[in-house]
J.: 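Mind looking over this structure? Questions follow.
Per chain, numbering begins at 1; letters A, B, ... match sequence-line order.
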Number of protein chains: 2
Amino acid sequence: MVRSSDIRPNEVAVELPAATDAGLLFIGTIRTPWTARPDCPRQGRLDGPVCRIELHPLWLPALDGIEQYERIEVLYWLHQARRDLVRQSPASDGRTRGTFALRSPVRPNPIGSSLVALVGRTPSGLEVRGLDCLDGTPLVDLKPDRCQFTPLPE
Amino acid sequence: MVRSSDIRPNEVAVELPAATDAGLLFIGTIRTPWTARPDCPRQGRLDGPVCRIELHPLWLPALDGIEQYERIEVLYWLHQARRDLVRQSPASDGRTRGTFALRSPVRPNPIGSSLVALVGRTPSGLEVRGLDCLDGTPLVDLKPDRCQFTPLPE
């Protein structure tokens, strides 16, 4: 999504709290074909280009067993997004909607979530289709798709 | 999920990085019927009990327009989960799987994601069905379900 640091007509920003409440660990990096925000697709497609998910070596053992799932939920940190808008105008036409009624990267916690198709494992991580984020986006989590995952007995 | 601070047979922990990479803002609190981890369902159901999502007042304006969606993605912070396991044994039977092949709350970034049915808005937030988390869980994000959301033109 194209997002300058300026506010568009009728968008509403708030003053963010001074302190944050929890800390995220970036567990890897996402490599995609898109190096500028205007080039990113508005939403990923399962027939989109193959992208690479590169894990930090510390977390590679945590992939074991993931290959049994065709669909994986990917959470990532939209590191270029501002966080202070409560109303946004994606079309820049003066009409706004609340941030939680949009899937815009601009949100108090700029976490993107995509459902991707697993193409395969690599020595450093995964290859997948279905992402929409910038090359270099920090990785936050990987989970089996909730529809494919059956909770194991305790 | 029941999770003591002990490691089960064959589970593998790593030493977490000393510093975190980004900060989360807790934007509200989730109220559910479950006050102890053993009581939580293993996965939410759309016909489960009504739960309340209470937004901090700062973020209430960001809800505007959300009522047009029947399904909403909810991200929350699993505040009681440890973060250092790369292999886990949900059944405590000595067999383990990688953390990213599980939807366990125990993960380097303990963010839960649920797809919920919107029951309605309240003065302080939303009522929804489909959650599985503890009462008092901090809220991180709300988004329209990706299947129902059509990106708006830039």
J.: In terms of heavy-atom pairs under 4.5 Å, which option from T99(B), L142(B), V14(B) contacts chain A the most?
T.: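 Ranked by contacts with chain A, first place is L142(B).
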J.: Any side-chain heavy atom of I72(A) sitting closer than 4.5 Å to one from F100(B)?
T.: no
J.: Tell me whether L118(B) is reachable from L63(B) by hopping between hydrophobic residues (I, L, V, M, F, W, Y) whose side-chain heavy atoms are closer than 4.5 Å.
T.: yes
J.: For residues L126(B) and I27(B): do they belong to one hydrophobic cluster (side chain heavy atoms under 4.5 Å, members Ile, Leu, Val, Met, Phe, Trp, Tyr)?
T.: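 In one cluster: yes.
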J.: Sort out for me which of P110(A), G98(A), P138(A) touches chain B most, counting heavy-atom pairs under 4.5 Å.
T.: G98(A)
J.: Look at atom CD of Q148(A) and say whether more than 12 heavy atoms of other residues, nucleotides or ligands are closer to it than 6.0 Å.
T.: yes
J.: Indicate yes or no: at least one non-hydrogen side-chain atom of D141(A) is less than 4.5 angstrom from one of R107(B).
T.: yes
J.: Can you tell which part of R87(A) gets under 4.5 Å to a heavy atom of chain B, answering side chain, backbone, both or neither?
T.: side chain
J.: Between S113(B) and R146(A), do the side chains contain a donor N or O and an acceptor N or O under 3.5 Å apart?
T.: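 Yes - a donor-acceptor pair under 3.5 Å links their side chains.
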J.: Side-chain atoms of residues 46-60 of chain B: list all donor-acceptor pairs with protein atoms under 3.5 Å, sequence neighbours left out, distances to 0.1 Å.
T.:
from: D47(B); atom 1: OD1; to: R45(B); atom 2: NE; distance (Å): 2.9
from: D47(B); atom 1: OD1; to: R45(B); atom 2: NH2; distance (Å): 3.4
from: D47(B); atom 1: OD2; to: R45(B); atom 2: NH2; distance (Å): 3.1
from: R52(B); atom 1: NH1; to: E54(B); atom 2: OE2; distance (Å): 2.3
from: H56(B); atom 1: ND1; to: F26(B); atom 2: O; distance (Å): 3.1

J.: First locate atom CD of E73(B), then atom CG of L115(A), and finally report the distance between them rounded to the nearest 0.5 Å.
T.: 9.5 Å
J.: With side chain to side chain contact (heavy atoms under 4.5 Å, CB included) as the test, pick out the partner of P61(A) among L85(B), V86(B), T96(B).
T.: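 The option that passes is V86(B).
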J.: Please flag which part of L75(B) lies under 4.5 Å from any non-hydrogen atom of chain A: side chain, backbone, both or neither.
T.: side chain
J.: Heavy atoms only, distances under 4.5 angstrom: which of H79(B), Q68(B), R83(B), E67(B) has the most pairs with chain A? Name it, please.
T.: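 Heavy-atom pairs under 4.5 Å are most numerous for R83(B).
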J.: Nearest 0.5 angstrom please: W77(B) CH2 to D21(A) CG, how far?
T.: 10.5 Å
J.: Looking only at atom types and distance, does a side-chain atom of N109(A) sit under 3.5 Å from a main-chain N or O of L24(B), one as donor and one as acceptor?
T.: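 No; zero donor-acceptor contacts below 3.5 Å.
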J.: Select one option (side chain, backbone, both, neither) describing which atoms of D132(B) are under 4.5 Å from chain A's heavy atoms.
T.: neither
J.: Are V119(B) and L139(B) in one and the same hydrophobic cluster, where Ile, Leu, Val, Met, Phe, Trp and Tyr link if side-chain heavy atoms are under 4.5 Å apart?
T.: no
J.: With chain B, which of A22(A), G65(A), A19(A), P17(A) has the greatest number of heavy-atom pairs at distances under 4.5 Å?
T.: A22(A)
J.: Find the one option among T20(A), V12(A), I66(A), L25(A) whose heavy-atom pairs under 4.5 Å with chain B are most numerous.
T.: L25(A)
J.: Do I111(B) and V74(B) belong together in a cluster built from hydrophobic side chains that touch within less than 4.5 Å?
T.: no
J.: Tell me if a side-chain donor or acceptor on R103(B) pairs with a main-chain N or O of P144(A) at a distance below 3.5 Å.
T.: yes
